[in-house]
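Proteins come first, then strands; the chains are lettered A, B, ... in the order of their sequence lines, and each starts at number 1. Predicted, not measured: the structure shown is a model, and the values here were computed from it.
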Number of protein chains: 2
Amino acid sequence: MSKIELKENLKKYSNLDECPIRNIISRFSGKWPVIILCILSENECTRFNQIQKAIPDISPKVLSDTLKNLETDGIIKRIVYGEVPPRVEYSLTKLGLSLMPYINNS
Amino acid sequence: MSKIELKENLKKYSNLDECPIRNIISRFSGKWPVIILCILSENECTRFNQIQKAIPDISPKVLSDTLKNLETDGIIKRIVYGEVPPRVEYSLTKLGLSLMPYINNS
DNA sequence: CCGTATCCGATGTGATACTG
DNA sequence: CAGTATCACATCGGATACGG
């Protein structure tokens with residue numbers, strides 16, 4: 001590889017907000033997002049409480065925050081049933097589903 | 001899926017230190033590791049300074065720390081040449097190389 | 001050139017109690 | 001049940017100056 005090519009390659013990661021790698025990382029780095037995607041991928045729908053049980057060491061606050069972020073990014077879907085006691089179910093969106101192969105092959 | 005199966009599936013992520021997903025995440029979550037792997041994968045060897053230039057907004061301290069962690073995990077190799085001025089080159093180990101397909105397919 | 005030392009702020013994560 | 005409120009804390013990331 002010539003020096004010119006090298007320079008061009010190294011430039012690709014410089015563009016901060018336009019760098020696709022950085023975009024992905026900003027959404028999935030952190031302790032919980034990938035684990036949650038795995039859990040959701042195993043069932044059609046999963047309730048808040050089920051996720052909590054599957055991850056014994058996550059606090060409700062952190063779980064709630066993480067789910068919100070994933071929802072905002074369009075990766076998971078949140079469905080509220082107007083029942084008492086309340087029922088809320090989380091599931092992967094199409095986009096979320098499309099991500100799973102890259103996780104599961106690891 | 002039956003309730004029994006569901007319960008078994010959700011259990012898989014409970015085992016904290018034995019959970020393979022958590023092991024991976026603990027090594028690669030964070031802002032920089034994946035970017036650095038990408039950069040290293042593009043050349044046989046890359047110098048500290050080159051990496052810094054490729055990532056304009058990383059400080060030398062953080063770059064150094066991240067490289068150390070990756071080296072400790074056996075993912076990258078650090079070769080010091082006893083020259084003045086000093087020359088140090090980083091490259092992927094076999095293990096590190098084996099990780100790239102999962103990154104590049106994304 | 002390749003880092004380390006120092007210090008600091010931001011962010012992520014956690015425990016617990018509480019509410020509709 | 002499904003969260004929110006509050007507070008606390010550790011880790012991560014960043015700026016800058018300096019050293020071998």
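Closest to the A/Asn49 side chain, of the nucleotides D/dG13, C/dG3, D/dC1, is D/dC1. The side chain of B/Pro60 lies closest to C/dG3, out of C/dG3, C/dG14, C/dA17. When each of C/dA15, C/dG3, D/dC1 is scored by its nearest atom to the side-chain atoms of A/Arg47, the top-ranked nucleotide is D/dC1. Side-chain proximity of A/Arg78 to the nucleotides C/dT4, D/dT4, D/dA2 is greatest for D/dA2. Closest to the side chain of B/Pro86, out of D/dT16, D/dG3, C/dC2, is C/dC2. Taking every side-chain heavy atom of B/Val88 into account, C/dG3 is the closest of D/dT4, D/dG14, C/dG3. Closest approach to the B/Phe48 side chain among C/dT13, D/dA15, C/dG3 is made by C/dG3 (side chain taken as heavy atoms from C-beta onward).
Looking at A/Leu63, A/Ile35, A/Ile51 one by one, the single match for side-chain contact (heavy atoms from CB on, under 4.5 Å) with A/Ile58 turns out to be A/Leu63.
Distance A/Asp57 CG to C/dG14 P: 6 Å, rounded to the nearest Å. In this structure, B/Arg87 places its CZ atom 18 Å from C1' of D/dG20, rounding to the nearest Å. Here D/dA2 presents its C1' atom at 11 Å from CG of A/Leu67, a figure rounded to the nearest Å. Protein atom CD of A/Glu83 is 15 Å distant from nucleotide atom C1' of C/dG20, rounded to whole Å. Atom CD1 in B/Ile25 sits roughly 14 Å away from atom C1' in C/dG12 (whole-Å rounding). For A/Ile51 and D/dG3, the CD1 to C1' distance is 12 Å, given to the nearest whole Å. Here the P atom of nucleotide C/dA15 and the CD1 atom of A/Ile58 are 11 Å apart, to the nearest Å. Look at NZ on B/Lys61: it is 22 Å from P on C/dC1, rounded to the nearest Å.
Close to C/dG14, at under 4.0 Å from its OP1 or OP2, lies a side-chain N or O of A/Lys31. The phosphate of D/dT4 (OP1 or OP2) has a side-chain N or O of A/Lys68 nearer than 4.0 angstrom. At D/dC1, none of the side-chain N or O atoms of A/Tyr90 fall inside 4.0 Å of OP1 or OP2 (strictly under the cut-off). A/Ser59 has no side-chain polar atom (N or O) that falls below the 4.0 Å cut-off from OP1 or OP2 of C/dA15.
Using a distance-only test at 3.5 Å, with no hydrogens or angles considered, a donor-acceptor pair links the side chain of A/Ser29 to the main chain of A/Ile25.
The closest side-chain heavy-atom distance from B/Ile21 to A/Cys38 is below 4.5 Å. Contact of the B/Tyr90 side chain with the B/Phe48 side chain is registered, since non-hydrogen atoms from C-beta on lie closer than 4.5 Å.
Of the two residues contacting DNA chain D, namely B/Thr66 and A/Pro85, the nearest-nucleotide position lying further toward the 5' end is that of A/Pro85.
With a 6.0 Å radius and a threshold of 12 heavy atoms from other residues, nucleotides or ligands, A/Glu83 has its CD atom above the threshold.
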